Amino acid sequence: MSSINNCEAHFDVLIVGAGMVGTAIACGLGSKGIRVALFDQSEPAPLPADSLPELRVSALSSASENILKNLGAWAHMETMRMTPYRRMAVWEKLHTPWGKEIASRANQVVFDAAEIGHEQLGYIVENRVTQLGLLAAAKACSEISLFCPVTIDSMQLSDEKPQVVLSDGRRFSGDLLIGADGANSKVRQSAGLGVEQRDYEQQCFVATVEISGGCQDVTWQAFTPTGPEAFLPLPDVNCKSYASIVWYHQPEKVQELLNLSGEAFLKVLSDTFPVELPEIRQVCERSAFPIARRHAHRYYQHGVVLAGDAAHTINPLAGQGVNLGFQDAAWLIEILINARQAKEDLGSQIVLQRYENARRKENALMMSVMDGFYHSFSNQSRPLQLLRNAGLTIAGKLSPAVNQVMKYAMGLSGKQPPLASESRHITYTPISDIRSPLR
Ligand SMILES: Cc1cc2nc3c(=O)[nH]c(=O)nc-3n(C[C@H](O)[C@H](O)[C@H](O)COP(=O)(O)OP(=O)(O)OC[C@H]3O[C@@H](n4cnc5c(N)ncnc54)[C@H](O)[C@@H]3O)c2cc1C
């Protein structure tokens with residue numbers, strides 16, 4: 001990593017947002033000799049080995065694992081901590097017409113990585129571990145200059161070359177500015193790229209709990225009319241075991257869960273979650289997040305492009321948000337490196353259109369699939385409930401169907417960018433071969 005002290009500097013690419021997606025893009029471009037300036041308003045604090053697991057975790061797919069390995073971040077992340085999960089149990093909680101829960105789990109589907117010859121379905125990783133791993137890789141790259149923490153005073157995005165002006169007066173220009181600044185992206189707003197937003201009627205309640213027994217290798221997720229209830233394994237710390245409770249519900253119920261005393265909350269958990277789960281000993285931390293579907297009207301204009309949550313946010317019920325963001329990152333890296341090799345302007349509309357072609361339909365499809373789950377399971381109509389359960393029960397008995405769903409969720413099906421392949425020796429495909437994965 002290099003440092004800049006002069007008042008004005010030009011880079012090939014400016015990236016606003018050194019979160020998981022922005023830093024991944026910086027690593028991919030920097031490793032191929034593209035000079036990057038990476039800006040963020042805050043830097044994540046280091047994660048001491050004996051600190052409690054963080055509240056914000058993500059389920060990373062095999063495709064994301066490959067991308068992080070190829071970007072040099074995974075090796076740093078492994079020195080911190082992560083939890084592989086080999087199985088995923090999913091079912092719908094059934095209720096009698098008068099609202100009493102039925103104990104039967106006949107409709108449960110268990111996804112097992114061994115069925116498709118894989119060691120794990122994915123990893124539950126604290127977001128801070130992923131971000132710190134990527135930042136460690138970025139700091140090792142001489143082409144990347146990290147400006148963090150800084151305050152961006154203004155961005156000029158209508159000129160031929162985009163510019164970022166910091167509150168201390170430093171001014172930076174680039175051939176391209178990438179907005180990876182999250183769901184409320186200032187880059188998206190400043191560029192006037194527009195966004196379609198729909199808030200879900202549920203919120204996401206998250207708690208870190210201490211459990212008895214060792215680290216688990218299975219995630220549990222029950223669908224209910226008010227939203228899914230999930231139990232995710234976390235790493236052992238100081239010989240104690242932990243799990244993450246992710247519970248979607250109406251905002252009033254979520255507020256109630258936040259207000260309960262620790263003891264009362266434990267009682268609610270034991271009444272709600274399956275008996276075969278490990279005993280929950282104590283609640284370490286809890287919080288709640290509003291959830292919304294957002295999709296930028298356009299991903300780019302001349303000299304500016306969006307990636308990750310800045311371009312789209314989806315219902316997190318199947319844990320796909322940052323996995324889509326890493327796919328954005330991998331395709332954008334691929335397309336920009338090809339453009340550089342072909343001596344094209346990195347900020348030109350023709351180059352950025354290739355990226356939008358590669359990503360928009362795929363992101364929109366995943367959003368629609370998540371909305372399909374959300375609306376279908378929220379619907380309490382009796383015929384629809386019977387149909388869903390028949391579907392789940394039959395699907396659970398059909399291993400080809402289950403295996404296909406597993407491969408899709410792991411990012412092992414469909415057209416993948418080269419960075420998502422297991423090979424560490426990436427050869428970039430010719431521009432003419434880059435198509436939307438759905439075409
Ligand atoms: C409750 C919940 C659970 C989730 N679970 C999963 C899961 O299991 N699996 C999964 O794949 N996804 C999950 N997601 C989604 C996932 O967290 C996001 O998709 C991911 O964090 C997006 O990463 P990003 O880098 O695009 O944006 P962010 O993580 O939001 O990073 C944006 C960065 O930009 C910086 N920034 C913002 N504005 C400025 C500015 N003006 N100047 C400078 N810097 C700025 C921020 O400081 C931050 O570092 C979940 C989301 C929620 C809400």
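Model, not experiment: these values are computed from the prediction. Whatever order the structure lists ligands and atoms in, that order sets their numbers, starting from 1.
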*Verdict with supporting geometry, R340 and L346, side chain to side chain contact (heavy atoms under 4.5 Å, CB included)*: CA-CA 7 Å; R340 167 52 63 93; L346 298 185; 4.0 Å; yes

*Can you measure from CG (L132) to CG (L47) and round to the nearest 0.5 angstrom?*
6.5 Å

*Identify the protein heavy atom lying closest to atom 49 (O) of ligand 1, giving its residue, its atom name and the separation to 0.1 Å.*
D40 OD2, 2.6 Å

*Does any donor atom in the side chain of Q163 or R171 lie under 3.5 Å from an acceptor atom in the other side chain?*
yes

_Tell me whether atom 29 (O) of ligand 1 lies less than 4.0 Å from at least one protein heavy-atom position._
no

*Among all protein non-hydrogen atoms, which one is nearest to atom 9 (N) of ligand 1, and what is the separation to 0.1 Å?*
G319 O, 3.1 Å

*Looking at atom 17 (O) of ligand 1, what's its closest protein heavy atom, distance included?*
R56 NH2, 3.0 Å

*asked:* Geometry only, no angles: is G321 polar-contacting ligand 1 at N/O separations under 3.5 Å?
replied: yes

*Are W74 and Y123 close enough that their ring centres sit under 6.0 Å apart?*
yes

*Got an N/O contact under 3.5 Å between A59 and ligand 1?*
yes

*Any idea which protein heavy atom is nearest atom 21 (O) of ligand 1, and the distance to it?*
M20 CE, 3.4 Å

_Region of A310 engaging ligand 1 - heavy atom pairs below 4.0 Å_ = neither

*Between the candidates P316, S185, G308, which shows the shortest non-hydrogen contact distance to atom 14 (N) of ligand 1?*
P316

_Under 4.0 Å to a heavy atom of F289 - the qualifying atoms of ligand 1, by number_ = 1 (C)

_In this structure, does ligand 1 have an atom that sits under 4.0 Å from one of the heavy atoms of S42?_
yes

_Could you work out, for atom 38 (N) of ligand 1, the closest of D181, L55, V57 by heavy-atom distance?_
D181

*Sort out for me which residue in R354, Q349, Q353 forms a side-chain contact (heavy atoms from CB on, under 4.5 Å) with V351.*
R354

_Backbone or side-chain N or O of Q41 under 3.5 Å from ligand 1 N or O_ = yes

*Do D371 and Y200 have side-chain N/O donor and acceptor atoms under 3.5 Å apart?*
yes

*Should you measure from each heavy atom of A180, which atoms of ligand 1 turn up under 4.0 Å away?*
32 (C), 33 (C), 34 (O)

*Stepwise, does the side chain to side chain contact (heavy atoms under 4.5 Å, CB included) test hold for Q255 with L258?*
CA-CA 5 Å; Q255 196 51 50; L258 288 168; 4.0 Å; yes

_Checking side-chain polar atoms at under 3.5 Å, does T313 have a donor or acceptor matched by the opposite partner on D309?_
no

*Which residue pairs pass the ring pair (Phe, Tyr, Trp, His ring centres under 6.0 Å) test with at least one member in residues 33-61, sequence neighbours excluded?*
F39-F147, F39-F172

*Report the C-alpha separation of I280 and I245 in whole Å, then their side-chain angles, then the decisive distance to 0.1 Å, and conclude whether the side chain to side chain contact (heavy atoms under 4.5 Å, CB included) test is met.*
CA-CA 10 Å; I280 299 174; I245 302 282; 4.2 Å; yes

*asked:* Below 4.0 Å, non-hydrogen atoms only: which portion of C204 touches ligand 1? Side chain, backbone, both or neither.
replied: side chain

*Between V206 and ligand 1, does any nitrogen or oxygen pair lie at a separation below 3.5 Å?*
no

*Considering S58, S287, A230, which one's heavy-atom position lies nearest to atom 6 (C) of ligand 1?*
S58

_Six-ring centre of F289, R56 cation under 6.0 angstrom, axis tolerance 45°_ = yes

_Distance from atom 27 (O) of ligand 1 to nearest protein heavy atom, with residue and atom_ = G182 CA, 3.7 Å

*Distance to 0.1 Å, residue and atom name: give those for the protein heavy atom nearest to atom 23 (O) of ligand 1.*
V21 CG2, 4.0 Å

*Answer with yes or no whether the side chains of Q327 and N323 bring together a donor and an acceptor at under 3.5 Å.*
no

*Quick one: look at Q320 and ligand 1, take heavy-atom pairs under 4.0 Å, and tell me if it's side chain, backbone, both or neither.*
backbone

*Would you please say whether a donor-acceptor pair under 3.5 Å links the side chains of Y299 and N357?*
no

*Against heavy atoms of N323, which atoms of ligand 1 measure under 4.0 Å?*
11 (O)

*asked:* Starting from atom 19 (O) of ligand 1, what is the nearest protein heavy atom, named by residue and atom, and what distance separates them?
replied: D309 OD1, 2.7 Å

*Decide whether an N or O pair under 3.5 Å exists between V322 and ligand 1.*
yes

*So which bit of T313 gets within less than 4.0 Å of ligand 1, heavy atoms only: side chain, backbone, both or neither?*
neither

*Would you mind checking which non-hydrogen protein atom is closest to atom 31 (O) of ligand 1, with the distance to 0.1 Å?*
G19 CA, 3.8 Å

_Charged N-O contact under 4.0 Å between K240 and D236_ = no

*Any I291 heavy atom less than 4.0 Å from ligand 1*: no

*Separation of E126 CD from L52 CG (nearest 0.5 Å)*: 9.5 Å

